[in-house]
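Note on naming: letters A, B, ... go to the chains in the order of the sequence lines (proteins, then strands), and numbering restarts at 1 for each one.
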Amino acid sequence: MKLSKSYQPHKHEPVIYSLWESHNAFRPARKGRPYSLVMPPVNANGNLHMGHALTFSIQDIVARYQRSQGKSVLFIPGADHAGFETQVVFERELAKAGKSRFDYSREELYKNIFNFVDQNRTNLHTQIRRLGASVDWTCYTFSLDPTVVRQAYATFHSMWRQGLIYRGERLVNFCTYHGTAFADIEVVHKEEQGKLWHISYPLTEGKGSVVVATTRPETMLGDTAVAVNPLDKRYQKLIGKTLRLPLTNREIPIIADSYIDPDYGTGAVKITPAHDPNDFNIGERHDLPKVTVIGFDGRLVHDVPEPFKGLTVEEGREAIINTLSDNGYLAGSEDLVHSVGHCYKCGTVIEPLLMEQWFIDMKPLAKQAIAAIRAGEIEFIPEAKQEQLMNYLENIRDWNISRQIAWGIPIPAFVNENDPGDWIYDERVDQEVIEINNNTYRRDPDVFDTWFSSSSWPYVTLGFPDSDYYQRFYPLELMESGFDILYQWIGRMIMLGLFVTKHVPFKRVYLHGMITDEHGRKMSKSVGNVINPMEVIDTYGSDALRIGIISGQTPGNNQSYVSAKVIGGRNFCNKLWNIARFVQDKAGSDQLVELSLADHWILNRYDMVVRSYCKLMDSYRFSEAYEEIYHFIWDDIADWYIEASKVCLNSGLVKQLLEAILILAHPFAPFVTETIWQNLALVPDSLLSGRQLVDLPKGNKQSAANFNTIIGLINLVRSMLVATGTKDVRLTYSNSSLLKEHASLIKQLTGVSSVTLGSGEGGVEIAYSKHKVWLDIGHDREAAYKQQLDNQIQQEARRVMQLETRLKNSQYVKRAPADLVEQSHAQLVASRQNLRQLKDEKQRLAH
RNA sequence: GGGGCUAUAGCUCAGUUGGCUAGAGCGCAGCAUUCACAUUGCUGAGGCCCAUGGUUCGAGUCCAUGUAGCCCCACCA
């Protein structure tokens with residue numbers, strides 16, 4: 001089919017993706033070394049955003065490149081139920097309908113969310129296809145698939161048996177709006193302006209009081225002690241005495257603990273073990289009771305004094321301060337900035353609340369991970385991320401994996417109704433109650449933290465433990481992800497991978513940064529700077545988006561989304577398209593004729609470019625690899641080789657070159673390259689996808705160098721014409737077979753009116769290499785030409801001087817590598833010669 | 001308090017064992033124009049590579065200190 005004048009992506013993209021799918025193009029090849037990677041499962045609750053476009057582009061570039069290297073590539077797609085995240089999204093949907101999660105039973109809610117997610121997944125799959133991701137859909141995995149759930153249970157069970165799982169009453173990070181606890185790393189800390197209140201607690205016996213300092217006066221109702229530093233002289237004699245807790249009249253002891261900093265606040269600290277992590281620890285050390293005053297609804301609980309019952313934390317704080325002040329207990333206040341934990345979704349202040357939860361003892365797991373990383377079993381790109389992860393692993397904290405939400409994998413644990421300490425592992429989670437040995441056991445209503453199941457992704461998607469794919473493709477060659485989930489996901493995958501499979505789950509981690517807007521600001525709905533990748537594809541095409549997002553991209557750094565780069569990508573696709581159009585027009589016999597200088601030159605370039613391209617791709621430097629082929633295709637092929645082909649065509653070679661560059665460009669622009677491949681039927685009945693890089697005949701170096709001479713001459717004449725502002729110039733050259741052979745090319749590409757053999761009567765002689773060339777630019781233009789010459793002479797003279805001083809430096813000659821010194825010599829000789837020619841030229845001009 | 005990153009042309013960014021006469025894309029200026037492509041071609045102007053010191057024959061690149069910005073972890077009564 002004849003190609004249209006410009007490339008129109010939307011006409012071809014869907015067709016091309018279907019073509020790939022119908023030919024099973026993304027199934028791993030039977031032969032070839034395995035190369036495996038897994039898509040980070042996409043959250044099945046919304047649309048793809050720019051981050052997805054980036055991550056899938058990088059992964060797909062790798063996958064397609066590896067196929068072109070003859071590897072057997074497995075690239076697995078997947079989706080995550082994204083427990084809490086999805087429930088939040090769903091609740092927003094409910095809110096639109098004027099409902100809330102409390103209107104449904106747990107089972108109903110689960111079912112509704114399941115349907116919602118199911119619809120979403122179909123939509124997401126379409127979007128993943130639009131991005132061109134060359135994934136093997138037959139391996140698609142969803143995180144609620146039985147295989148994934150089974151693995152989560154197996155891991156949990158084996159950790160349980162090995163004593164790595166424990167259940168305990170701890171202070172957990174609780175969001176009172178969402179009604180669930182979070183892991184420590186999920187809490188977002190923000191600096192906030194607050195007040196440090198000084199409250200006076202009277203001694204029970206005798207006069208006097210102790211003034212404590214607190215940012216959270218409302219928790220005083222749950223105080224069970226006041227602590228001071230044992231070395232603090234001010235309080236030493238009070239240790240062991242008791243205080244009367246204002247507003248409650250409860251009697252609490254004064255205890256000594258070295259945790260207390262005597263220089264901070266008043267040096268006396270109220271201790272609320274049920275509402276502050278540090279107080280909890282102190283409480284454990286001193287065996288203090290834990291009095292809960294804030295409930296899971298974020299309100300003061302019923303057994304607090306009457307006026308405060310049921311108040312929110314903030315209301316309670318105000319009421320208590322007022323009451324304390326009215327009764328003379330308030331001793332003052334000072335402003336301070338402190339950091340406060342918030343729910344990362346809704347921003348509600350996280351309350352530390354006492355709760356029984358399942359925890360994983362992480363230290364033994366982290367230890368293994370640290371050892372494996374130290375042993376160099378995983379390569380980090382960029383390297384600095386390894387240090388960051390190590391730092392995290394070395395300071396790891398236990399992981400709370402219980403979530404109080406409906407949407408997730410139920411925790412397979414049951415408790416004896418008559419013995420709260422008797423917990424058993426059982427997978428019959430579809431039943432609320434089970435009977436064992438005449439005992440009734442009740443199911444834990446909680447579900448797993450989503451990251452617990454997704455941390456098994458690398459092997460669960462491969463069919464661990466006994467599938468062929470697991471044998472062949474594990475560990476993964478590459479895990480590509482965003483650096484924002486380095487701890488939450490990458491770190492945990494390494495730890496669980498080692499625990500479950502005894503191997504690191506992947507050999508290499510590539511971490512990309514976040515996509516920001518053009519000014520480096522985070523994309524957010526409230527700022528209104530969010531760009532939808534699907535709309536970009538609608539406008540410019542999938543390849544254009546991919547190129548735009550990948551060019552200038554480096555691992556580990558944030559990057560701005562710049563639409564100009566996408567337009568650049570679109571233009572590049574069109575360039576490819578038009579090269580193909582040229583080839584299509586000129587298609588004739590495919591026989592290779594004798595190679596011209598231009599042929600030698602382009603073959604020589606191809607060889608160099610392929611080497612460099614592979615080297616860059618093999619070291620995951622995509623942006624540079626793209627730049628390499630971009631310039632080869634645009635500058636070398638289009639601007640020189642095609643132009644030369646218009647004068648002297650080698651139709652067989654031009655076609656071979658087109659094939660070769662389509663393969664090179666395919667990882668970056670899969671759609672347009674495959675479209676061209678299909679339309680030109682370059683190799684009938686075949687797909688470009690999966691095709692290996694081709695070897696072309698080697699170009700002769702001398703011939704290539706000679707063509708470079710022609711290029712140089714053309715460039716020189718062009719710049720001269722522009723500098724002197726002349727047109728209708730005739731070019732003459734002295735006897736030279738090289739110039740004679742390329743006379744029409746020179747004429748065409750410089751725009752001179754004629755190129756003839758002669759001795760240049762009436763023209764200026766320009767210095768170029770060993771060839772004599774004259775241009776009759778006319779006397780009136782000679783001044784401009786002289787000016788240009790002067791500039792060149794000045795520049796070259798500077799260069800000569802530089803090289804001379806370098807070579808006069810005995811230390812340089814002695815210590816620099818010999819080939820470098822040699823090179824400097826050669827450069828100096830060339831520069832001197834050039835300078836002499838330029839001066840001669842100026843001399844002649846003067847006459 | 002601990003860990004990490006960033007600073008290069010007007011803008012967005014490349015620049016991996018130190019050899020740079022520092023690059024790209026966009027933007028800007030000038031010129032061109034049916035015949036693969038205006039999603040074009042040609043020519044050009046733009047830079048004390050944050051600062052200071054050090055190592056070296058040689059530093060954008062390595063080291064130290066500082067300045068400015070950013071991210072993460074911990075703590076903050």
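In this entry the distance linking NE2 of A/His189 with P of B/C73 reads 7 Å, nearest Å. Remark: P of B/C35 and CD of A/Gln748 are 11 Å apart, rounded to the nearest angstrom. Counting to the nearest Å, the C1' atom of B/C26 and the OH atom of A/Tyr540 are 13 Å from each other. Across the protein-nucleic acid pair, A/Ile567 atom CD1 and B/G27 atom C1' stand 12 Å apart, rounded to whole Å. Note: CD (A/Gln794) to C1' (B/U21) measures 15 Å, nearest angstrom. Taking atom CZ of A/Phe380 as the reference point, atom P of B/G4 lies 14 Å away to the nearest angstrom. One can place CG of A/Asp276 at 10 Å from P of B/C75, the figure rounded to the nearest angstrom. If you measure from atom CG of A/Asn391 to atom P of B/G1, you get 16 Å, rounded to the nearest angstrom.
Judged as a salt bridge (Lys or Arg N to Asp or Glu O under 4.0 Å), and not counting sequence neighbours, the contacts of A/Asp517 are A/Arg521. For A/Ser623, there are no side-chain hydrogen bond (donor to acceptor under 3.5 Å, both in side chains) partners, not counting sequence neighbours. With sequence neighbours left out, the ring pair (Phe, Tyr, Trp, His ring centres under 6.0 Å) criterion links A/Phe632 to no other residue. Qualifying side chain to side chain contact (heavy atoms under 4.5 Å, CB included) partners for A/Asn400, counting only residues two or more places apart in sequence or in other chains: A/Val172, A/Ala181, A/Gln357, A/Phe359, A/Ser402, A/Arg403. For A/Gln794, there are no side-chain hydrogen bond (donor to acceptor under 3.5 Å, both in side chains) partners, not counting sequence neighbours. Remark: A/Phe668 engages A/Tyr626 in a ring pair (Phe, Tyr, Trp, His ring centres under 6.0 Å) (not counting sequence neighbours).
Using a 4.0 Å heavy-atom distance criterion, A/Arg216 is classed as making no nucleic acid contact. Heavy atoms of A/Asn395 sit nowhere under 4.0 angstrom from any nucleic acid atom. Within 4.0 Å of A/Tyr487, counting heavy atoms only, lie sugar-phosphate atoms of the nucleic acid but no base atom. At a threshold of 4.0 angstrom between heavy atoms, the contacts of A/Tyr259 are confined to the sugar-phosphate backbone, with no base atom among them. Looking at heavy-atom distances under 4.0 Å, A/Ile260 makes contact with a base. Across all strands shown, A/Pro382 has no heavy atoms under 4.0 Å from either base or sugar-phosphate atoms. Residue contacts shown for A/Ala227 are absent, as no nucleic acid heavy atom lies under 4.0 Å away. Among the heavy atoms of the strands lying under 4.0 Å from A/Tyr264 is at least one base atom, whether or not backbone atoms are also near.
OP1 or OP2 of B/A32 has at least one side-chain nitrogen or oxygen of A/Lys727 nearer than 4.0 Å. Regarding contacts with the backbone of B/C35, every side-chain N or O of A/Arg581 stays at 4.0 angstrom or more from both OP1 and OP2. OP1 or OP2 of B/A74 lies within a sub-4.0 Å distance of a side-chain N or O belonging to A/Arg397.
Ring pair A/Trp634/A/Tyr630 is tilted by interplanar angle, where 30° to 60° counts as tilted.
Straight-line distance between the P atoms of B/C62 and B/U8: roughly 16 Å, to the nearest whole Å. Across the C1' atoms, B/G10 and B/C28 are found 8 Å apart, a figure rounded to whole Å. Nucleotides B/C13 and B/G47 are separated by 14 Å at their C1' atoms, to the nearest Å. Across B/C73 and B/C63, the matching C1' atoms stand 27 Å from one another, rounded to whole Å. For the C1' atoms, the distance linking B/C50 with B/U67 amounts to 8 Å, nearest Å. Rounded to whole Å, the P atom of B/U43 lies 12 Å from the corresponding atom of B/A24. Comparing the same atom, P, in B/G60 and in B/G53 gives a spacing of 14 Å after rounding to whole Å. The C1' atoms of B/G4 and B/C11 are separated by 27 Å, rounded to the nearest whole Å.
Using the Watson-Crick or G-U wobble rule with both distances under 3.5 Å, B/C26 pairs with B/G10.
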Under 3.5 Å, which donor-acceptor pairs do the side chains of residues 258-265 of chain A form with other protein atoms, sequence neighbours left out?
{"residue": "A/Tyr259", "atom": "OH", "partner": "A/Asn278", "partner atom": "ND2", "Å": "3.1"}
{"residue": "A/Asp261", "atom": "OD1", "partner": "A/Asp263", "partner atom": "N", "Å": "2.9"}

Only pairs under 3.5 Å count here: list side-chain donor-acceptor contacts from residues 379-392 of chain A, not counting sequence neighbours, and write none if there are none.
{"residue": "A/Glu379", "atom": "OE1", "partner": "A/Arg508", "partner atom": "NE", "Å": "2.8"}
{"residue": "A/Lys385", "atom": "NZ", "partner": "A/Gln388", "partner atom": "OE1", "Å": "3.4"}

Taking distance alone, no hydrogens or angles, what donor-acceptor pairs closer than 3.5 Å link side-chain atoms of residues 2-9 of chain A to residues at least two apart or in another chain?
{"residue": "A/Lys2", "atom": "NZ", "partner": "A/Asp585", "partner atom": "OD1", "Å": "3.3"}
{"residue": "A/Ser4", "atom": "OG", "partner": "A/Ser6", "partner atom": "O", "Å": "2.9"}
{"residue": "A/Gln8", "atom": "OE1", "partner": "A/Lys11", "partner atom": "NZ", "Å": "2.9"}

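Among B/G19, B/A24, B/C37, the nucleotide with an atom closest to any side-chain atom of A/Lys5 is B/C37. For A/Ala384, taking side-chain heavy atoms from C-beta onward, the closest of the listed nucleotides B/G19, B/A36, B/C5 is B/C5. Comparing B/U39, B/G4, B/A32 by their closest approach to the side chain of A/Gln388 singles out B/G4.
Between the side chains of A/Tyr812 and A/Ser824, at least one donor N or O lies within less than 3.5 Å of an accepting N or O.
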Is there any protein nitrogen or oxygen under 3.5 Å from a nitrogen or oxygen in nucleotides 40-44 of chain B, and what are the pairs?
{"residue": "B/U40", "atom": "OP1", "partner": "A/Asn571", "partner atom": "ND2", "Å": "3.4"}
{"residue": "B/U40", "atom": "O3'", "partner": "A/Lys575", "partner atom": "NZ", "Å": "3.3"}
{"residue": "B/G41", "atom": "OP1", "partner": "A/Lys575", "partner atom": "NZ", "Å": "3.2"}
{"residue": "B/G41", "atom": "OP1", "partner": "A/Trp634", "partner atom": "NE1", "Å": "2.4"}
{"residue": "B/C42", "atom": "OP1", "partner": "A/Asp639", "partner atom": "OD2", "Å": "3.3"}

Restricting both atoms to N or O, compile the protein contacts to nucleotides 11-14 of chain B shorter than 3.5 Å, with distance only.
{"residue": "B/U12", "atom": "O3'", "partner": "A/Ser560", "partner atom": "OG", "Å": "2.6"}
{"residue": "B/C13", "atom": "OP1", "partner": "A/Ser560", "partner atom": "OG", "Å": "2.5"}
{"residue": "B/C13", "atom": "O3'", "partner": "A/Gly552", "partner atom": "O", "Å": "3.3"}
{"residue": "B/C13", "atom": "O2'", "partner": "A/Gly552", "partner atom": "O", "Å": "3.1"}
{"residue": "B/A14", "atom": "OP1", "partner": "A/Thr554", "partner atom": "OG1", "Å": "2.4"}
{"residue": "B/A14", "atom": "O5'", "partner": "A/Gly552", "partner atom": "O", "Å": "3.4"}

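Because its glycosidic torsion is within 90° of 0, B/G46 is reported here as syn.
Taking 4.0 Å as the cut-off between side-chain N and carboxylate O, A/Arg611 and A/Glu628 do not count as a salt-bridged pair.
Taking the six-membered ring wherever Trp is involved, the centroid distance between the rings of A/Phe483 and A/Tyr510 does not fall below 6.0 Å.
One can find a donor-acceptor pair under 3.5 Å joining the base of B/A36 and the side-chain atoms of A/Lys646.
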Apply side chain to side chain donor-acceptor pair (under 3.5 Å) to A/Thr272 and A/Lys270, showing your working. CA-CA 7 Å; A/Thr272 325; A/Lys270 61 190 264 325; 3.0 Å; yes
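Within a heavy-atom distance below 4.0 Å of RNA chain B, no residue of residues 822-835 of chain A is found.
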